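What follows is one structure encoded as structure tokens, with my remarks underneath.
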Amino acid sequence: MTNQPNFALSPADDWMRQMLFLPPRASTFSADIDHLHYFVIGTTMLVATGIFLAAMLLYVKYQRKPGVPRREVPHHPPMWFELSIIVVPLSLFLLWFFMGFRTFIQMETPPADSMDVYVMAKKWMWKFAYQGGPNAINTLRVPAGRDVRLLMTSRDVIHSFYVPELRVKQDVVPGRTSQLWFNANRLGTYDIFCTEYCGTGHSTMRGRIEVMDPAEFDTWVSAQRQGIALRQDMGGPVDPDELGAITMVQLGKKVASDQECFKCHTIDGSAHIGPTWLGLYHRNERLTNGTEILVDEAYLTKSMMDPMADIVMGYAPVMPTYQGKITAPQTAAIVEYIKSLEDDRIAQAPNPGPAYEPINTLR
Ligand code: CUA
């Protein structure tokens, strides 16, 4: 067993947590988010109490007394009072913004070596696929203490992935890849909720995340992969839509060939009707609109779903859309296949690194 971090909260911390009905903490983000939450709730309560007390005071002080004639309003409220009505809420808002900004940037920037899991949402279930297999429905197993990145897409409508204990929530959008990362540091099983209304089954769209001991997780993954290899050796049925039945790279190659991607894209580095896939991943490409982008999972997915959006300079806009033609898992598999086509010539050359690192690239 790993050494479980000490989860004993200070009495004040735990009291606040229970007052606000917050679940236990199970990720490295949890404490920061809770503390910001306490601060926001605390300051608003304080200000609200101040306003209430002032109102009571004025009510008593300026109450009309019997026998005393009604007076005109004695004088205009002082300038500082009127200003404070604007300045106090504004400065509170800015304070919260800057307090939360650091955590936000951290949550938006997955570490480069995080373990990727593909997530596909559909009415009304969650599908998970690991890069070398296996796949799973509604149960996501992750190792404790390791950075995990979820690359999420939806097959139908917008869903949203939410695990209260991890304090993470992210929309899952059809035709796009959205990312989310976390480091779960507390063993246990937690609920995954869908938090975007997605139809009559929305409330039943629940999954479980199992945070496992890292050693047990590794054993589980390799046992699953051996099972997959065995099924392949025995020539068992392989459902092309079934993530993990073969590795994602193998599946991606098959889907690309079925969809005739190779009529336009080569994998040997030579240019054809479209850009070559060799070394495409993490290459900087200049677009016809003059901007430069870093090819990542999100760009590759977008290119398949909405090919007219960002055309690489020097190529004609002739690619058809694959929205609706290939499923989300197949899209993810093609992305994995492209990622596997590393260009040795680039790998051996001294790496100048990307020209810039857009904040959204998250690598
Ligand atoms: Cu999926 Cu609500």
Side-chain angles (χ1 to χ4, degrees), residues 20-27 29-30 33 37 104 107-108 110 114-131 133-142 148-184 188-211 239-245 248 251 297-298 300-302 304-306 321-336 360 362:
L20 296 173
F21 300 100
L22 299 178
R25 296 173 187 166
S27 83
F29 297 137
S30 306
I33 289 176
H37 192 160
F104 172 75
M107 295 182 82
E108 287 291 301
S114 40
M115 181 184 101
D116 285 349
V117 181
Y118 284 88
V119 179
M120 203 267 295
K122 63 180 269 197
K123 293 182 194 173
W124 286 280
M125 62 174 72
W126 298 98
K127 282 187 167 188
F128 304 102
Y130 300 82
Q131 276 168 319
N135 65 325
I137 290 176
N138 287 341
T139 301
L140 172 62
R141 289 182 172 83
V142 295
V148 176
R149 176 169 71 150
L150 305 183
L151 293 161
M152 309 191 292
T153 189
S154 166
R155 190 165 186 158
D156 35 47
V157 297
I158 301 179
H159 302 274
S160 188
F161 181 95
Y162 179 38
V163 182
E165 282 83 356
L166 301 182
R167 308 289 194 272
V168 291
K169 186 193 271 183
Q170 177 68 52
D171 275 5
V172 185
V173 184
R176 278 199 188 190
T177 300
S178 54
Q179 304 187 87
L180 175 155
W181 83 277
F182 56 82
N183 185 321
T189 302
Y190 312 105
D191 285 319
I192 299 168
F193 296 102
C194 176
T195 43
E196 183 67 56
Y197 182 65
C198 55
T200 50
H202 165 67
S203 61
T204 63
M205 187 167 165
R206 293 169 67 165
R208 287 143 44 92
I209 178 164
E210 220 173 280
V211 179
D239 175 0
D241 193 30
E242 197 57 39
L243 280 180
M248 293 194 67
L251 176 60
E297 290 85 355
L300 291 172
T301 306
K302 193 179 171 196
M304 286 182 259
M305 296 303 146
D306 188 9
T321 176
Y322 286 84
Q323 175 104 53
K325 283 195 224 168
I326 50 176
T327 65
Q330 289 172 336
T331 311
I334 291 179
V335 171
E336 277 306 309
N360 239 355
L362 313 176

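Ligands are counted one by one from 1 in listed order, and the atoms in each one are counted from 1 as well. Numbering starts at 1 and runs along the sequence shown. Model, not experiment: these values are computed from the prediction.
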Derivation of the ring pair (Phe, Tyr, Trp, His ring centres under 6.0 Å) call for Trp181 and Phe29: CA-CA 10 Å; Trp181 83 277; Phe29 297 137; 5.1 Å; yes

Verdict with reasoning, Arg206 to Asp191, per salt bridge (Lys or Arg N to Asp or Glu O under 4.0 Å): CA-CA 7 Å; Arg206 293 169 67 165; Asp191 285 319; 3.4 Å; yes

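A donor and an acceptor atom, one from each side chain of Glu336 and Tyr118, are located under 3.5 Å apart.
Excluding waters, the count of protein N/O/S atoms less than 2.8 Å from atom 2 (Cu) of ligand 1 comes to 4.
Under a 4.0 Å N-O distance rule, the pair Arg167/Glu165 does not qualify as a salt bridge. We find that Glu297 and Arg149 are joined by a salt bridge, their nearest charged nitrogen and carboxylate oxygen being less than 4.0 Å apart.
Partners of Thr177 by side-chain hydrogen bond (donor to acceptor under 3.5 Å, both in side chains), not counting sequence neighbours, listed by chain and number: Thr301.
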